[in-house]
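No hydrogens, no waters, no symmetry mates; every other heavy atom, side chains included, goes into these values.
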Amino acid sequence: MVQGRLEGKVAIVTGGASGFGKGIAAKFAAEGAKVIIADLSQEPAEAAAKELGCHFSVADVTKREHWQALLKLALEQFGGLDIIINNAGTTYKNKPTVEVTDQDFDLVMEVNVKSIYLSTSVLVPYFLENKRPGVFIQIASTAGIRPRPGLTWYNASKAAVSNATKTMAVEYGPQKIRFNAVCPVVGSTGLTHLFIGKPDTEENRASFVSTIPLGRGSTPADIANACCYLASDEAEFITGVNLEVDGGRCV
């Protein structure tokens, strides 16, 4: 039997009940990892975990105590932790920047940026104290590299994620803790209608897809394959990258 690329590794995937997160959880489980799906929605998380043979935990990534509970679960169930996929994210509806509300701004900064702060604040000490290599992969966005109008503060939140990822890659490289970001272009997920500011139909996505040289959006499988490589030992010398999985959009 061929050994999986992530055999024996323990991974947490946030926002793992659907979309890119579920795709990542499925790929990791298929490659031999023990996966904890962390999601705000219990029923979808439980269903995804049952379908994929994973564990699940209801978690709000903006709460420190929920990250502490995730670490405790990983240690109790599997005796360790190797990989963190910070996939959970959100946006507000595409709109002129002057119409963005305080609530819109706080939402994207809490979910997209504070969650990364909390995951590293809680989990990096575990790797340091145990002198254990670790892998953090953030699902950032092409929006942080080549932004489109109408989503200023979402774009800014993803740029912050990419910058923080690079900073921590440099800071914790000597301790063999790797930090990378994967940057999807728009695909078809539960947030797509907000990104494009109208219903998620093929017709409404057409203007976005027209800017992608390979002619389609990112799929969960695309993002999962990139994450699998970055999480595997094959990528042991890769840290601090923003891997654009975007069909050429950012060229």
Side-chain angles (χ1 to χ4, degrees), residues 2-17 19-39 48-49 52-57 59 61 67 70-71 73-75 77-89 115-116 119-120 122-124 126-128 130-141 161-162 164-184 218-246:
V2 179
Q3 188 176 43
R5 296 164 74 192
L6 302 176
E7 194 70 39
K9 296 187 184 295
V10 179
I12 293 170
V13 180
T14 69
F20 293 149
K22 185 177 179 183
I24 294 165
K27 176 68 173 177
F28 278 31
E31 292 287 353
K34 299 176 177 69
V35 179
I36 297 171
I37 290 174
D39 203 282
L52 303 176
C54 302
H55 278 64
F56 81 95
S57 179
V61 294
W67 279 106
L70 286 170
L71 176 59
L73 177 62
L75 297 180
Q77 288 292 327
F78 305 120
L81 179 62
D82 302 287
I83 304 159
I84 299 89
I85 308 295
N86 279 308
N87 166 74
S115 64
I116 310 298
S119 75
T120 53
V122 171
L123 301 178
V124 168
Y126 160 75
F127 292 108
L128 295 176
N130 291 279
K131 295 182 169 55
R132 185 180 178 114
V135 178
F136 287 78
I137 300 172
Q138 281 49 282
I139 305 305
S141 175
V161 168
S162 292
T165 297
K166 287 178 175 290
T167 304
M168 290 186 286
V170 175
E171 184 170 347
Y172 294 108
Q175 286 77 41
K176 303 296 183 284
I177 307 172
R178 296 191 292 113
F179 291 82
N180 290 297
V182 171
C183 300
S218 300
T219 68
D222 294 326
I223 306 310
N225 289 335
C227 287
C228 181
Y229 166 66
L230 290 173
S232 75
D233 292 340
E234 297 165 32
E236 68 174 2
F237 202 55
I238 308 296
T239 196
V241 305
N242 277 299
L243 181 55
E244 298 154 16
V245 185
D246 67 349

Side chain to side chain donor-acceptor pair (under 3.5 Å) involving [X] - partner list, sequence neighbours excluded:
X	answer
T239	none
T219	D222
N86	S119, Q138
E234	R5

Once side chain to side chain contact (heavy atoms under 4.5 Å, CB included) is applied, do any residues pair with [X], and if so which ones, sequence neighbours excluded?
X	result
L73	I36, S57, Q77
D246	T142, V185, E244, R249, C250
Q175	L128, Y172, I177
A164	M168

Problem set entry | Derivation of the side-chain contact (heavy atoms from CB on, under 4.5 Å) call for I83 and F28 | CA-CA 10 Å; I83 304 159; F28 278 31; 3.9 Å; yes

Problem set entry | salt bridge (charged side-chain N to carboxylate O under 4.0 Å, His left out) involving K9 - partner list, sequence neighbours excluded |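 Per chain and number, K9 pairs via salt bridge (charged side-chain N to carboxylate O under 4.0 Å, His left out) with D233.
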
For this session: Check whether any side-chain heavy atom of I238 lies under 4.5 Å from a side-chain heavy atom of L230, and answer yes or no.
Result: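 Yes, side chains in contact.
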
Exercise. Are F179 and I137 close enough that some pair of their side-chain heavy atoms sits under 4.5 Å apart?
Worked result: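 They are not in side-chain contact.
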
Exercise. Pairs in or reaching into residues 22-35: which pass salt bridge (Lys or Arg N to Asp or Glu O under 4.0 Å), with residues at least two apart or in two chains?
Worked result: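 Listed by first then second residue: K22-E51, K27-E31.
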
For this session: Would you tell me whether N87 and T14 have side-chain atoms, one donor and one acceptor, within less than 3.5 Å of each other?
Result: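 Checked: N87/T14 side chains show no N/O donor-acceptor pair below 3.5 Å.
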
Problem set entry | Partner residues of F56 under the ring-ring contact (aromatic ring centres under 6.0 Å, His included) criterion, sequence neighbours left out |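 If we apply the ring-ring contact (aromatic ring centres under 6.0 Å, His included) test to F56, skipping adjacent residues, there are no hits.
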
For this session: Let me know which of I139, V182, N225 forms a side chain to side chain contact (heavy atoms under 4.5 Å, CB included) with V245.
Result: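 Only one option passes, and that is V182.
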
Problem set entry | Main-chain N/O of V61 paired with W67 side-chain donor or acceptor, under 3.5 Å |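 Side chain of W67 to backbone of V61: a pair is present.
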
